[in-house]
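In this text the structure is predicted, and so the values were computed from the model without any measurement.
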Amino acid sequence: MDVLTEGVELSHADLALLAELARGVTVDRVGRRLDISGRTVRRRLRGICDRIGVATAIEAVAWAARRQLI
């Protein structure tokens, strides 16, 4: 199931990734926790940023937090 906010659809996996980053977990450690490579985490994060219209991971985390998604 995906979450639709302001015309932007984020999966629960996307939100889990953002939540881990919000806790201060490094990208490589997020990858290990989600059983994917750090490079895949970065690529997914870039896709999330593009979909929600922000430039950085920090902005993506803030965007999700302001909407109480994480």
Side-chain angles (χ1 to χ4, degrees):
M1 186 173 150
D2 293 339
V3 176
L4 185 64
T5 302
E6 299 175 15
V8 177
E9 194 169 330
L10 294 177
S11 70
H12 287 290
D14 293 337
L15 295 175
L17 189 152
L18 291 174
E20 289 292 317
L21 292 174
R23 289 184 191 95
V25 179
T26 65
V27 169
D28 290 327
R29 184 162 289 178
V30 169
R32 285 193 296 272
R33 287 184 182 183
L34 300 177
D35 200 29
I36 57 179
S37 73
R39 186 174 180 173
T40 300
V41 171
R42 288 179 188 88
R43 188 173 51 242
R44 285 180 50 192
L45 188 54
R46 179 77 257 144
I48 292 168
C49 289
D50 290 345
R51 276 183 273 150
I52 63 177
V54 299
T56 67
I58 293 169
E59 290 176 311
V61 168
W63 182 92
R66 279 194 305 268
R67 286 154 183 83
Q68 299 179 351
L69 300 173
I70 58 173

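In this structure, CZ in R46 is found 8.5 Å from OG1 in T56, a value given to the nearest 0.5 Å. Put simply, CG on L18 and CD1 on I52 are 6.5 Å apart, with the number rounded to the nearest 0.5 Å. Between atom CZ of residue R43 and atom CD1 of residue I36 there is a gap of 9.0 Å, rounded to the nearest 0.5 Å. Between the CG atom of D14 and the CD1 atom of I48 there is a distance of 4.0 Å, given to the nearest 0.5 Å. We find the CG-CZ distance between L10 and R67 to be 10.0 Å, quoted to the nearest 0.5 Å. Atom-to-atom distance recorded for E20:CD and T26:OG1 is 10.0 Å, nearest 0.5 angstrom.
Here the shortest heavy-atom pairing between A60 and V54 reads N-CG2, 3.7 Å. Nearest heavy atoms, C49 versus A57: SG-N, 4.1 Å. The minimum heavy-atom distance between L15 and I70, with the atom names listed, is O-CG2, 3.5 Å.
Checking side-chain atoms of D50 against main-chain N and O of G47 turns up no donor-acceptor pair under 3.5 Å. Panel note: side chain R33, backbone V25; no donor-acceptor pair is recorded below 3.5 Å.
Other residues, nucleotides and ligands contribute at most 12 non-hydrogen atoms within 6.0 Å of the CZ atom of R29.
No side-chain heavy atom of V30 sits under 4.5 Å from any side-chain heavy atom of L45.
D28 and R32 are not joined by a salt bridge, as no carboxylate oxygen comes within less than 4.0 angstrom of a charged side-chain nitrogen.
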